[in-house]
Amino acid sequence: MSSIVLGVSGGVAAYKAAFLLRAFTEAGHDVRVVPTPGALHFVGAATFEALSGNPVTTDVWSDVPDVAHVRIGQSADLVVVAPATADLLARAVAGRADDLLTATLLTAACPVVFVPAMHTEMWLHPATQDNVATLRRRGAVVLPPAVGRLTGPDSGPGRLPEPADIAALATVVLHHGAAALAHDLTGRRVLISAGGTREPLDPVRYLGNRSSGKQGWALARVAAARGAEVVLVAANVEAPAPFGVRTVPVGTAEELRTAMLAEAPDSDVVVMTAAVADFRPEDVALTKLKKGSAAEPTSVPLVRNPDVLAELVTKRTADQIVVGFAAETGDDDGDVLSHARAKLARKGCDFLVVNDVSAGQVFGRPDNTVVVLAADGSATEVPTGSKDAVAAGIWTAVSVALSPRSQG
Ligand code: CTP
C-alpha cells in the first residue's frame with residue numbers, strides 16, 4: 001500500500017477526481033485528498049472524506065499541531081494533481097504556499113504528476129505553456145490534456161483525461177519514477193496498430209484471435225504522455241481512445257494494411273502490436289451458411305494474408321523506426337528467444353518486442369513481461385509490470401534509436 005496525495009484544484013472536472021480517488025483506493029492505496037478552496041465549489045469535502053476515509057482540509061490553519069502543511073508532502077509516495085487548473089500550475093511554478101495543496105507541493109520529495117484541465121485558450125496561452133515547461137524541467141510529470149468536449153459548447157484540447165487513463169499512468173510513476181514518463185517524444189509522430197483482425201466467413205461468422213488490444217492501448221497512452229502525436233489503428237477494439245488519440249477503426253487484415261500504409265509515411269515510429277490473421281477464408285459467403293443447405297461447408301479453404309509488418313519495413317521512410325511484436329512459445333526447434341531472433345531477421349524491423357505466451361500468459365491479462373530485441377543484436381528485458389509500465393520500458397528502449405535530427 002502506498003501513500004498518495006490527490007490534489008484537486010478548482011475546475012469543473014473536479015468531479016472526475018472522485019472516480020480517480022476510487023481507482024486509487026480500490027488498488028489498495030491510502031489516499032489523502034487535498035483540494036483547493038476553489039475545488040470545494042464543485043465537489044464537497046464530505047465526498048472526498050467518505051471515499052478516502054481520511055480528513056479533508058484546504059488551508060494551513062487546520063491540524064496545526066500536526067504541521068500538516070509539511071507532513072503531508074513529506075510522507076507521500078506520489079502526489080497527483082487532477083484537475084490542475086491554469087491558476088494552480090502558475091502558483092506551483094511560483095512556489096506559492098497560500099493553501100494546503102501548494103504548501104504540500106513545496107514539501108513533496110516524491111514524484112509529482114499534474115493533470116491539467118482548462119479551456120483551450122487557457123491551455124494554449126504562452127503563460128500556461130511556459131509554466132508546463134518549467135514544471136517538466138523541474139522533474140514533474142505534466143500529462144497532456146485530452147481533446148474533446150469542454151464545459152459548455154466548446155471543444156478542443158483541455159479536457160481532463162479519463163480517470164482510468166490517469167490512474168494507469170500515475171501507477172507507472174509510483175512504481176518506476178517520473179523518468180518512466182519522460183517528455184522525450186515531443187514532436188514525434190507515432191503510429192500504432194492494436195487489437196486483432198477478423199476475417200469474415202459469411203455475414204455473421206469470422207476467424208479471429210484472442211488479442212485484447214490492451215498492450216497497444218498502453219503504448220498509445222504512454223507515447224501520448226511522453227509528448228508524441230499518436231495515431232492508433234484499432235482492429236476490433238471498442239475501448240475509448242486514450243487522451244483523445246486519433247483512432248482509425250479497421251476490421252480485416254486487408255483494412256489494417258490499407259490504414260497502416262496510408263498513415264505510415266509521416267510517422268517517426270511505426271509499431272505493429274496488432275495480431276494480424278495470417279490466413280483468411282478463400283471465399284466469403286454473401287449470405288449466412290446454413291446447416292443442411294447446399295452451401296454447408298465441409299472445410300474452409302484459407303489463403304495467405306499480406307504480411308503488413310514486412311511491407312511497412314520495405315516501404316519505410318528515412319530514419320523511420322519500425323517495431324514488431326512477436327508472441328512466441330518454445331518448441332523442439334528452439335526456445336522463445338531463438339525463434340524471436342529469427343523472426344526479427346526475417347521481418348527486417350528495427351525492434352521486435354517478444355512476449356512469451358507459453359501456458360496462456362499475456363492475452364487479456366493486466367500484466368506483461370517482454371524482451372525488446374534490437375536489430376543490432378542487443379536484448380533489453382522489461383521487467384514484469386502493468387501493460388503501461390511495460391509500454392514505458394518499450395518506449396525507453398525504442399526512443400534512444402530516434403535520430404537526434406528531429407528530436408523535440
Ligand atoms: N504481422 C503482420 N502481418 C501479418 C502477420 C503478422 O504485420 N500477416 C505482424 C504482427 O503485427 C507482429 C509481427 O508481424 O508485429 C509478428 O507476428 P507473428 O504472427 O508472430 O509473425 P508471423 O510472421 O505470422 O510468424 P509465425 O510464423 O510465427 O506465425
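Just so you know, these numbers come straight off a predicted model, no measurement behind them.
- What you find for H176 and A180 is that their closest heavy atoms are CB-CB, 3.9 Å.
- Put simply, the side chain of Q320 never gets that close to the backbone of R316: no donor and acceptor are under 3.5 Å apart.
- Atom CZ in R71 sits 6.0 Å away from atom CZ in R32 (nearest 0.5 Å).
- Atom CH2 of W395 and atom CG of L181 lie 13.0 Å apart (nearest 0.5 Å).
- Judged purely by atom type and a 3.5 angstrom limit, Q129 uses its side chain to pair as donor or acceptor with the backbone of W123.
- In terms of modelled atom types and a separation under 3.5 Å, the side chain of S386 and the main chain of A389 share a donor-acceptor contact.
- V222 and A392 get closest at one heavy-atom pair: CG1-CA, 3.9 Å.
- Between D184 and R226, at least one side-chain nitrogen of the basic residue sits less than 4.0 Å from a carboxylate oxygen of the acidic one, meeting the salt-bridge criterion.
- Within the 3.5 Å criterion, the main-chain N or O of G10 finds no donor-acceptor partner in the side chain of T85.
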Practice prompt. Report the C-alpha separation of V115 and L160 in whole Å, then their side-chain angles, then the decisive distance to 0.1 Å, and conclude whether the side-chain contact (heavy atoms from CB on, under 4.5 Å) test is met.
Written response: CA-CA 7 Å; V115 194; L160 191 78; 3.7 Å; yes

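- From T171, atom OG1 reaches atom CD1 of I4 across 6.5 Å, with rounding to the nearest 0.5 Å.
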Worksheet item: Would L256 and S193 count as a side-chain contact (heavy atoms from CB on, under 4.5 Å) if you check the C-alpha gap in whole Å, the side-chain angles of each, and the deciding distance to 0.1 Å?
Response: CA-CA 8 Å; L256 185 139; S193 72; 4.3 Å; yes

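- The backbone N or O of D307 sits nowhere less than 3.5 Å from a side-chain atom of E311 that would complete a donor-acceptor pair.
- When the shell of 6.0 Å around CD of E238 is examined, it contains 12 or fewer heavy atoms from other residues, nucleotides or ligands.
- Contact of the V322 side chain with the D350 side chain is registered, since non-hydrogen atoms from C-beta on lie closer than 4.5 Å.
- The number of heavy atoms from other shown groups lying within 6.0 Å of CZ (R22) does not exceed 12.
- Note: R188 CZ to L402 CG = 4.0 Å, rounded to the nearest 0.5 Å.
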Practice prompt. Let me see the working for E254 and R280 under salt bridge (charged side-chain N to carboxylate O under 4.0 Å, His left out), right down to the final yes or no.
Written response: CA-CA 10 Å; E254 195 51 60; R280 65 175 184 274; 5.0 Å; no

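- Inter-residue side-chain proximity for V81 and L105 is flagged as met; some heavy-atom pair is nearer than 4.5 Å.
- The side-chain heavy atoms of V390 and Q215, taken from C-beta on, include a pair separated by under 4.5 Å.
- With 3.5 Å as the limit, one finds a donor-acceptor pair spanning the side chains of S378 and D376.
- Between the CG atom in N236 and the OG1 atom in T252 there is a gap of 9.0 Å [rounded to 0.5 Å].
- Heavy-atom minimum distance, A178 versus G139: CB-O, 3.6 Å.
- The 12-atom threshold is not exceeded at CZ of R304, counting heavy atoms of other residues, nucleotides or ligands nearer than 6.0 Å.
- Looking at L207 and F279, their side chains never come closer than 4.5 Å, going by heavy atoms from C-beta outward.
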Item to complete: Go through K347 and L352 one step at a time and tell me if the side-chain contact (heavy atoms from CB on, under 4.5 Å) criterion holds.
Response: CA-CA 9 Å; K347 301 252 184 184; L352 191 72; 5.6 Å; no

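- Closest heavy-atom contact between F114 and A140: CE1-CB, 3.8 Å.
- When all heavy atoms of G216 and L232 are compared, the pair lying nearest together is O-CD1, 4.1 Å.
- Checked by atom type and distance alone, the side chain of N355 never pairs as donor or acceptor with a backbone atom of V357 at under 3.5 Å.
- No more than 12 heavy atoms of other residues, nucleotides or ligands shown are found within 6.0 angstrom of OH on Y206.
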Worksheet item: side-chain contact (heavy atoms from CB on, under 4.5 Å) between L373 and L337: does it pass, once the steps are laid out?
Response: CA-CA 9 Å; L373 292 184; L337 275 190; 4.2 Å; yes

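- T120 places a side-chain N or O within donor-acceptor distance of the main-chain N or O of P157, the cut-off being under 3.5 Å.
- A donor-acceptor pair under 3.5 Å is formed between the side chain of D77 and the backbone N or O of S3.
- Side-chain contact between D202 and T287 is absent, with no heavy atoms from C-beta onward closer than 4.5 Å.
- Considering all non-hydrogen atoms of both residues, T317 and S267 come closest at OG1-O, 4.4 Å.
- In this structure the side chain of V271 never reaches within 4.5 angstrom of the side chain of V353, judged on heavy atoms.
- At a threshold of 4.5 Å between non-hydrogen side-chain atoms, the residues F325 and L219 count as touching.
- Counting heavy atoms from C-beta on, the side chains of V31 and N54 never come closer than 4.5 Å.
- Atom OG1 of T36 sits about 6.0 Å away from atom CG of D99, to the nearest 0.5 Å.
- Without hydrogens or angle criteria, R96 side chain to T102 main chain gives no donor-acceptor distance under 3.5 Å.
- Ring planes of H29 and F24: perpendicular class, angle over 60° (limits at 30 and 60°).
- Under 3.5 Å, the side chains of D335 and S338 contain a donor-acceptor pair of N or O atoms.
- Formation of a donor-acceptor pair under 3.5 Å by the N305 side chain with backbone atoms of A253 is not found in this model.
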